[in-house]
Each structure stands twice: as C-alpha cells, then as structure tokens.
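Let me begin by presenting the structure, written as structure tokens, before commenting on it.
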Amino acid sequence: MKLEGKVAVVTGAASGMGKAIAELFAAEGAKVVVSDLNLEQAGKVAQDIESKGGAAMAITANVAVEEEVQRLIDGAVDRYGTVDILINNAGIMDNFVPAADVTDELWDKVFAVNTTGPMRTIRKTLPIFTEKKAGVIVNIASIGGLFGSRAGAAYTASKHAVIGLTKNVGFQYATLGIRCNAIAPGAVQTNIGATLTAVNAFGMERAQAGMGMNPGIGEPEEIAKLALFLASEDSSFVNGTTITADAGWTAY
C-alpha cells in the first residue's frame, strides 16, 4: 500500500480522472477527501470507496470561490487531522474560442477554475506542508499547457499558467520537503466535454488540425496510475516537472 496513512484531497473527484484518482488512492491506503461541485455524485464516490473498506468523505467545493477552498481544506483537517497530498484536478474547457472572440467573462471563468483554483488550494495547504516539512502536490494540467492549439485561447493560457505555477512551487519549496509536479494528459475519456456548450467553429477547426495524428484515447485509470506514482515515495526525486501522458501524440 503506497499511500498508507496519508490524507489526500482530490478536486473534481466526482467523475473522470478525479474519481479514478480518488478510488486508486483509497485502494492504496489513503484517506481521501472527494471534492466536487456535484456533492451528490461526490458522495456516491466516497460511499463506494468506504463500501470497499477504504476511508473517504465528500465535500462540495467550487475552487473558483476562496471561501469554499478554505472550507475544503479545513474540513479535511477537521476530519483526518492533516493533509499530505493535494491533487488539483478540477477544470473546465473554453469552447475552443480563439483570441479574437474571447470575452473577459469567458477568460475570467476559465482562469478562475483552471488556474486560480489550484493557486488557492496550494496556498491553503502549503502552511500545513511546511509545518511538517512534507507534502505532495499534483496538478492536472494538459498538453494544451505545453502546445499552442489543443483548445481555445483561455484554456491554453490557463494550462500554461498551471505548468508555470508547478515549476515555481516545486523549486521554491523543495528544501522544505515539498514536491509539486504536473500531469499533462492528452485525449482522455472523461466528461469534461460537458463544459463545451457553444463551440466556436473557427477555433474548433484550428484546434482539431492535429487530431489525425492522435494515436489513441486514454482512460482515467491510466492517469490515476501516474498520479499515484507522483504522490508516492516512488517519485521522491521528481519535482517541479510535467509528465506527458498522451500515447505519444505530442512526440510527432
């Protein structure tokens, strides 16, 4: 059991990659805080984990709201005494809107969830980690944060920012026993597509230009296994970096 006795907070954990991460971490011995906007579904995930002998609790939280981030981490500490692992998985798409059409409203909405949310959870958890000189942060970024046109302007910029934040935190807190890494998934079978509501035709066409070179679609469980590696002592010398998981799509 690679995470025996650890407490892990996973955002966006009601479905997709977050759910797979929460379930795998629990199976590896972690007490898991299943966080999501959808409390009913998060509760089902937590109940399912407990029915299999694991330990989990559900907390509703919108990472775009500071008060809810505070309540999330405080709730984890109140229940389990500490936090050892933070997984920033919650995210939304941007309808492939290109720069000429992006609105302030869309830009702010995407950044609030994809970038400011992880900053806030990291900011809240770092004092816990620095006090005990131990802690692990894993940010779910995207190959959209490494390349230019896997989505619209806002999503692309937001995920580039997450990768920059990952590097900054990883280096600056390395001597305090804290590691911060990111995963950049390619196409993965999740329901993030549900956040696509009014797709921009031009932006979609440009973003899809390289889809024919995609070797395959990943499963959430495959990303969860990588998150487990980064959260465990197996990756003790890995810090401040981003690992791509995309079947080789970006190797072309």
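Just so you know, residue 1 is the first one in the sequence shown, and it goes up from there. Everything numeric here is computed off the predicted structure, so don't read it as measured data. Values below: all heavy atoms of this structure, side chains included; hydrogens, waters and symmetry mates excluded.
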Fill in: Ser142-Arg150 side chain donor-acceptor pair, cut-off 3.5 Å
no
Can you give the donor-acceptor pairs under 3.5 Å from side chains of residues 17-30 to other protein atoms, not counting sequence neighbours?
residue	atom	partner	partner atom	Å
Lys19	NZ	Glu23	OE2	2.9
Glu28	OE1	Lys2	N	2.8

Worksheet entry | Thr156 (side chain) donor-acceptor with Ala153 (main chain) under 3.5 angstrom | no
Discussion item. Under 3.5 Å, is there a donor on one side chain and an acceptor on the other for Thr241 and Asn181?
Written reply: no
Discussion item. Check Lys31 with Glu4, please: is the shortest side-chain N to carboxylate O separation under 4.0 Å?
Written reply: no
Worksheet item: Between Asp48 and Lys52, does at least one N-O distance fall below 4.0 Å, as a salt bridge requires?
Response: yes
Worksheet item: Any sub-3.5 Å donor-acceptor pair from Arg79's side-chain atoms to Val33's backbone N or O?
Response: no
Fill in: Partner residues of Thr244 under the side-chain contact (heavy atoms from CB on, under 4.5 Å) criterion, sequence neighbours left out
Ile143, Leu146, Ala184, Asp246, Thr250
Worksheet item: Excluding sequence neighbours, so at least two apart, what forms side-chain contact (heavy atoms from CB on, under 4.5 Å) with Glu67?
Response: Val65
Listing, residues 203-231 side-chain donor-acceptor contacts under 3.5 Å, not counting sequence neighbours, or none:
residue	atom	partner	partner atom	Å
Asn214	OD1	Gly216	N	3.1
Glu222	OE1	Glu219	N	2.8

Response to the item:
Smallest heavy-atom separation, Tyr155 atom then Asp94 atom, equals N-OD2, 2.9 Å
Discussion item. Looking at Glu68 and Val63, would you say the former's side chain and the latter's main chain have a donor-acceptor pair under 3.5 Å?
Written reply: no
Can you give each donor-acceptor pair under 3.5 Å made by side-chain atoms of residues 166-177, sequence neighbours left out, with the distance rounded to 0.1 Å?
residue	atom	partner	partner atom	Å
Thr166	OG1	Asn139	ND2	2.9
Thr166	OG1	Val162	O	2.8

Item to complete: Mind checking the CG-CZ spacing from Asn239 to Arg179? Nearest 0.5 Å is all I need.
Response: 7.0 Å
Distance-only donor-acceptor hits, side chain of residues 100-107, under 3.5 Å, sequence neighbours excluded:
residue	atom	partner	partner atom	Å
Asp101	OD2	Asn200	ND2	3.2
Thr103	OG1	Leu106	N	3.0

